[in-house]
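If you read the sequence from its start, that first residue is 1, and numbering goes on from there. Below, each value reflects all heavy atoms present in this structure, side chains not excepted, and no hydrogens, waters or symmetry copies.
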Amino acid sequence: MASAQELVQSCSNVFTLPEIYYRVRDVVDNPDSTMDDLAKVLKMDPAISARVLKIVNSPLYGVPKQVDTVTRAVNLLGMQAIRDLVTATTIGRSFSGMTVQIMDLSAYWRKSVLCALMAGKIAKSCGIDDSERFFIEGLLRDIGHLVLYQTIPERAQSALIEAGNLGSPLAEVEQSNFGCDFTEVGTELIHSWGMPSQIEQAIRHQLCPDEAGDYALHASIVHLAGVVADHNELHPSVAPKELSFHRAALQSTRFDVSEWPALLSEAQEQLQETVKLFSPVAMAA
């Protein structure tokens, strides 16, 4: 048995974010910082600046006019949105050199980006302000499995197979087999990065949003997006017609469950281009 903290610490050298992430975080967290301060920090990393501009000008944001400077991007989207973008891009860049024998990393990132798109779309359909903010939470929903497959790959794979054979929730099998599950491990990693509490708690309570307290809305959006992303992986012959959304998530968001197929279709249409923006392969290019 190993704790989530021990697993994260054992591979901390792999899951280290670049300095630009921490510089941006410090600027955004400082109440005395200005938009110009953030733009100056971003300009210190030309690669990240170029990536942020590319994303801002992509269909993901749909800005009516070309954004050609970092300063304009910061003023247009705001400091928190830029922080989220930098977080998403630096995570992908950090994992560009990661090698895992058992795990299909391209499939992992494709599913993570789909979950991210769904989180934003579900939030928007529920009339939630700043729905784009939920993209990063959806993207990180399953990040605990990156740690598990880096540290205990055979046991992680065995738990996945066992859960499938038994028809049991994967998190329950993981708890039984090695003492923690992917949500706890993901939370520990996010905590080590010093990310905002709502992201940390959304990942921790995605399977039980009724236990998320003040962060129930965030956990509920991640839960809903995750259920759709998981369902999308199933073969039509075995996929249930009804999705098992947690009642508390539906109550918290007031999400109309009849909308998920249309939202999924929209997300799938955007998936290929969005993966190019955020996956480790894109970051390594």
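Summarising the geometry, atom SG belonging to C180 is positioned 6.0 Å from atom CG belonging to L148; distances are rounded to the nearest 0.5 Å. One distance of note links CE of M118 with CG of L271; it measures 11.5 Å at 0.5 Å rounding. One distance of note links CE of M35 with CG of N75; it measures 5.5 Å at 0.5 Å rounding. Here the CG-CG distance, from L105 to L146, works out to 6.5 Å after rounding to the nearest 0.5 Å. Expressed to the nearest 0.5 Å, how far CG of L140 lies from CD1 of I190 amounts to 4.5 Å. Taken to the nearest 0.5 Å, the CD atom of Q150 stands 6.0 Å off from the SG atom of C11.
At a threshold of 4.5 Å between side-chain heavy atoms, the hydrophobic network of Ile, Leu, Val, Met, Phe, Trp and Tyr places M103 and V173 in two separate groups. In the hydrophobic clustering of this structure, V257 groups with L224; members are Ile, Leu, Val, Met, Phe, Trp, Tyr whose side-chain heavy atoms approach within less than 4.5 Å, directly or through other members. In this structure, V70 is not a member of the same hydrophobic cluster as M44, with clusters built from ILVMFWY side-chain heavy atoms closer than 4.5 Å. Transitive grouping of hydrophobic side chains (ILVMFWY, heavy atoms separated by less than 4.5 Å) keeps Y215 and I122 in distinct clusters.
Inspection of the T87 and D84 side chains reveals no N or O donor paired with an N or O acceptor under 3.5 Å. Between the side chains of Q9 and E188, no donor-acceptor pair of N or O atoms lies under 3.5 Å. Judged purely by distance below 3.5 Å, without hydrogens or angles, the side chains of N232 and Q268 pair a donor atom with an acceptor atom. Looking only at atom types and distance, the side chain of Q157 has a donor-acceptor partner in the side chain of Y149 under 3.5 Å away.
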Check your understanding: Step by step, would you call H223 with Q206 a side chain to side chain donor-acceptor pair (under 3.5 Å)?
Key -> CA-CA 5 Å; H223 167 80; Q206 59 178 287; over 6 Å; no
**Study point:** Worked verdict on D129 versus S131 for side chain to side chain donor-acceptor pair (under 3.5 Å)
**Key:** CA-CA 5 Å; D129 293 335; S131 58; over 6 Å; no
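Looking at heavy atoms from C-beta onward, I82 lies out of side-chain contact with M79 at the 4.5 angstrom threshold. You'll find the side chain of E266 stays beyond 4.5 Å of the side chain of Q270, heavy atoms only. The side-chain heavy atoms of I55 and F278, taken from C-beta on, include a pair separated by under 4.5 Å. By the 4.5 Å heavy-atom criterion applied to side chains, I143 and Y108 are counted as neighbours. At least one side-chain heavy atom of C208 sits under 4.5 Å from a side-chain heavy atom of H205. Side-chain atoms of Q201 and H218, non-hydrogen and from C-beta on, never get closer than 4.5 Å to each other. A heavy-atom distance below 4.5 Å is not found between the side chains of C115 and L139. Within the 4.5 Å cutoff, no side-chain heavy atoms of L114 are placed close to those of T274.
Evaluation of the ring pair (Phe, Tyr, Trp, His ring centres under 6.0 Å) rule for H145 yields F182 as partners, not counting sequence neighbours.
Side-chain atoms of D26 do not come within 3.5 Å of backbone N or O of D29 as any donor-acceptor pair. At distances below 3.5 Å, at least one donor-acceptor pair connects side-chain atoms of R72 with backbone N or O atoms of Q66. Between the side chain of E172 and the backbone N or O of P169, no donor-acceptor pair lies under 3.5 Å. Not a single donor-acceptor pair under 3.5 Å links the side chain of N30 to the backbone N or O of V27. Between the side chain of S252 and the main chain of A249, no donor-acceptor pair closer than 3.5 Å is present. Looking only at distances, no side-chain donor or acceptor of S158 sits under 3.5 Å from a matching main-chain atom of E154. Between the side chain of S49 and the backbone N or O of D45 there is at least one donor-acceptor pair closer than 3.5 Å. The backbone N or O of W193 lies less than 3.5 Å from a partner atom in the side chain of Y21, making a donor-acceptor pair. Using a distance-only test at 3.5 Å, with no hydrogens or angles considered, a donor-acceptor pair links the side chain of S192 to the main chain of L189. Checking side-chain atoms of N57 against main-chain N and O of L53 turns up a donor-acceptor pair under 3.5 Å.
A salt bridge between R23 and E19 is present, with a side-chain N of the basic residue lying under 4.0 Å from a carboxylate O of the acidic one. A salt bridge links K111 with D230: the distance from a Lys NZ or Arg NE/NH1/NH2 to an Asp or Glu carboxylate oxygen falls below 4.0 Å. Taking a cutoff of 4.0 Å between a charged side-chain nitrogen and a carboxylate oxygen, K43 and D36 do not qualify as a salt bridge.
For residues 27-47, the set of pairs meeting the ring-ring contact (aromatic ring centres under 6.0 Å, His included) definition, not counting sequence neighbours, is empty.
Shown here is H231, whose NE2 atom has more than 12 heavy atoms of other residues, nucleotides or ligands within 6.0 Å.
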